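Any value given below was found using the heavy atoms of this structure, including those in side chains, with hydrogens, waters and symmetry copies removed. All of these numbers come straight from a predicted model, not from anything done at the bench. The chains referred to below are lettered A, B, ... by the order of the sequence lines, with proteins before strands, and numbering in each begins at 1.
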Amino acid sequence: MAFLDNSGDIILDAVLTDTGRLRLAQGDGSFKITKFALGDDEINYGLYNKDHASGSAYYDLEILQTPVLEAFTNNTSNLKSRLLSISRTNILYMPTLKLNKRTGDGGATGEGDKNSFTYFRDDATANISATSAPSKFIVACDQDTFDIFSKNTADALPPRGVIQGYHPGDGLSVEGGAVRVDQGLATNAISPTAGLDSDLVETQYIMELDYRLGRVSQHKLADVTDVNFIDDDNIASYYIAGGSYVRNNTQTSSSLDVVAKDPQAFEGPRGTTLFFRLRASTELQYSTYLFTQIGKTLSPGTLTQTVYGLADARFTAGQKLYSIDSTIRVTGANTGFRIDVPVRYVKIQ
Amino acid sequence: MASTFKTLLNDDVVSTRTLLHEAIPITGTIMSGTYSTNNIKTFTHGMFESTFDYPYLSSSANQLVDISYGHHHSISSSLGAAGYQVQKKRDIYQQFAQVLLGYDQDNNIMAFDSDGTLDGGASTANGKGGRMDQCFFLSYSRLLVKDEIKKGSYTLSIKPFGSLNAADSEKPSVTTEVVLGDYAAGSEYFTSPAGDYGLIFETDAEKSDPENSIGLIFYQAGVVVLSSSIFHDPTGFGIDNAGVTVGALTFGYSGSEGNAVNWGDGSATGEGTAVNADGVLHAQASGSIENMVQGLRNRWVDCNFNNTIELNSTIYFARINHNEFNYSANPTYVSSGKLVVKNNVTDLPVTYLTSVGLYSPDNELLAVAKLSEPIRKDPNTELTLRVRLDY
């Protein structure tokens, strides 16, 4: 993708995205443009030098010289960071999204067992600090895999917070971990008791993920949530609000650890939290086709503890471990802030 | 409430139609010379030749023009067994006439009329102004023509007389050229089932009288029909190097049939009835379609026209008010929770926009526009960005 020529007048290079072309081809009236947003993907605001010795005219000199790339046609590769409209101009601190990687046991809001908030192997706890392991949420695609991963905690480096990526069965409750994303101010300059201004509190989230691989469900429910739409690249979008998905974060302790049952990601004022769980697609649950196409296959002997935290002895002869790495994109529908959650779908067969 | 979208109102969307033109040159060296015959695709049926801008076996080759030759069915009858590819030449003529002209009131396929009246009248003494019985058909690729050839822009330079040299890649050694063109199209053109068509004249001076026309150009179809009389009419074209008015002595080379005879050579015998000093008459009777096409290609000096693209556009005016889009969700916009562009609450927020996204009601990104350089946006500025989508 080339840079746009910025030597003359300002020009606009406009293209239809692949989704736009798809909808146009469908001819069912789904190609309808009703709103616009502005993006600043190329801008690094770290280049804004508000202490420049030559004065304010030089603050943004480097930013204004940023070359701009041509438009991508992939709809998910554009406008990854959008501009925000907030009528007032006196905002100095803005909330962001952060993955809550800390362990806890559910806390007062009853979010579940102690694995609910676990971020695999990115915790400071001594026995799960293997650095060679990737920091990803593990989604077990079937019961056998889940059992091997979650019930061998006697191993030296047991995996934690494995997500049960399948239906547990009629009448059985969901086990395993979930994902939690927090919204708040990443600063200790303001007490959490000050709270977040109402116009900055995120009430709705957009989740995007590869629909060939997974589905979204509430963290304690077996059923998956209805998808809003799936684009031409099999990227599914979910609009998530309320229910057990989005909750107001009422913890006002300034310490991250002081409330052991509800550890926090932000030291400053907090907005909402998003909880969700992933369900592996039917194809991942019952077939290894996609694993062999876009994933990785590990044989016994390579399933070392430093990779997955499991001893080879946990696997029976001839078993292989299949995995696919992917990301779940979580975007605040109102504020536009986003975060990519790394996940790894695994299957032992 | 913070928001990243702004709804487009009715006044923010407008549809327009624009005509764009591109200059298209097809040089004679492409038609014969640069790539020898590697860019000329022939077919076993021998009914036309395709010219490419590069050796056609290459995936980067683009088709430029298909050239064929045909004659009216009355010629087929008169030639009988003496002619070569008589049936195919008739079929080509009928096919083009059928598509470009249509049928008369008795459902007979109409004939090409060089004066554009389609009255089927006889031609004048110098072969002009009436029905064109023997014609070259130049079908330009849609890649070049796009929606249509711009009226009044078409010229074709040829060397209508002189003998060809022994190689397919060489032009006649004579220097005199004739520049055919649709000189009258600016003020006069006709309509047909295949769209508008104009008349082709030898010179700009001749355009005053339609009787002087020696061909037709169908603008939307991108087809030029030329009378073969341009190669044998001594009164119609210029004078050779020796100061003698003469048609083409030798016309075309052996084609797919593998005969080494120079088809249309006025001095050759045994290939139908040769007319001395009128080589094309010989070629069109007893030569193949490919012989005729080769003859034209080797006499092709230059061709120029402008194409036309009808661009239907929708313009979206993204109006950005002073109190909108002054903050960013860019991860670098915030450091330790604090805006990096502000020191204190009284400083004005500032953002730098580089792209405009157009969204569906369900927030799906349907189109995107990129600015060539970042534009500063703060509460003191208002902007209107004009995003044009072409269809």
Of all heavy-atom pairs between A:A37 and B:F5, which one has the smallest distance, and what is that distance? CB-CD2, 3.8 Å

Tell me whether A:T17 contacts the main-chain N or O of B:L366 through its side chain, where contact means a donor paired with an acceptor under 3.5 Å. yes

Only pairs of heavy atoms separated by less than 4.5 Å count here; which of A:N75, A:L16, A:T89 has the most with chain B? A:T89

Restricting to non-hydrogen atoms, name the atom on B:Y327 and the atom on A:R88 that form the minimum distance, rounded to 0.1 Å. OH-O, 3.0 Å

Just so I understand: if I count every heavy-atom pair under 4.5 Å between each of A:L97, A:D197, A:N90 and chain B, which residue has the most? A:N90

Using modelled atom types only, decide if a donor and an acceptor are shared between the side chain of B:S3 and the backbone of A:N334 within a distance under 3.5 Å. no

B:N330 side chain to A:I43 main-chain N or O, any donor-acceptor pair under 3.5 Å? yes

Set out, in order, the CA-CA distance, both residues' side-chain angles and the distance that settles side chain to side chain contact (heavy atoms under 4.5 Å, CB included) for A:T73 and B:V368, then state yes or no. CA-CA 8 Å; A:T73 55; B:V368 61; over 6 Å; no

Here the pair of heavy atoms bringing B:A2 nearest to A:L84 is CB-CD2, 4.4 Å

Specify the closest pair of heavy atoms between A:F337 and B:V334, including all atoms of both residues, with the distance to one decimal. CZ-CG2, 4.3 Å

Applying a strict 4.5 Å limit to non-hydrogen atoms, the region of B:V350 in contact with chain A is both

With chain B as the partner, which of A:K35, A:R23, A:E202 has the greatest number of non-hydrogen pairs under 4.5 Å? A:K35

Evaluate B:L8 against A:I33 for side chain to side chain contact (heavy atoms under 4.5 Å, CB included), listing each step before the verdict. CA-CA 8 Å; B:L8 290 161; A:I33 291 172; 3.7 Å; yes

Answer with yes or no whether the side chains of B:S328 and A:D40 bring together a donor and an acceptor at under 3.5 Å. yes

Between A:G39, A:G268, A:A14, A:G336, who has the most heavy-atom pairs with chain B when the cutoff is under 4.5 Å? A:G39

Chain A contact via B:V387 - side chain, backbone, both or neither, heavy atoms under 4.5 Å: both

Can a donor-acceptor pair be found, under 3.5 Å and without considering hydrogens, that links the side chain of B:T332 to the backbone of A:Y45? yes

With a 3.5 Å distance limit and no angle check, can you tell me whether B:K338 reaches the backbone of A:L92 through a side-chain donor-acceptor pair? no

Minimum heavy-atom separation for A:F36 to B:L358, with atom names? CB-CD2, 3.9 Å

Go through the atoms of B:N344 and report whether side chain, backbone, both or neither lie under 4.5 Å from a heavy atom of chain A. backbone

Will you find, in the side chains of B:N363 and A:Y239, an N or O donor that is under 3.5 Å from an N or O acceptor? yes

Any idea which of A:I63, A:I190, A:T96 has the most non-hydrogen atom pairs under 4.5 angstrom with chain B? A:I63

Give the table of side-chain donor-acceptor pairs shorter than 3.5 Å for residues 53-62 of chain A, with sequence neighbours excluded, one pair per line with atom names and distance.
residue, atom, partner, partner atom, Å
A:Y59, OH, A:K50, O, 3.3
A:D60, OD2, B:Y352, OH, 2.5
A:D60, OD2, B:R376, NH1, 2.7

Top of A:M94, A:R21, A:K32 for chain B proximity - count of heavy-atom pairs under 4.5 angstrom: A:M94

Over all atoms of both residues, closest heavy-atom pair of B:K342 and A:I91: NZ-O, 2.8 Å

Tell me, for B:L389 versus chain A, whether the close heavy atoms (under 4.5 Å) come from the side chain, the backbone, both or neither. side chain

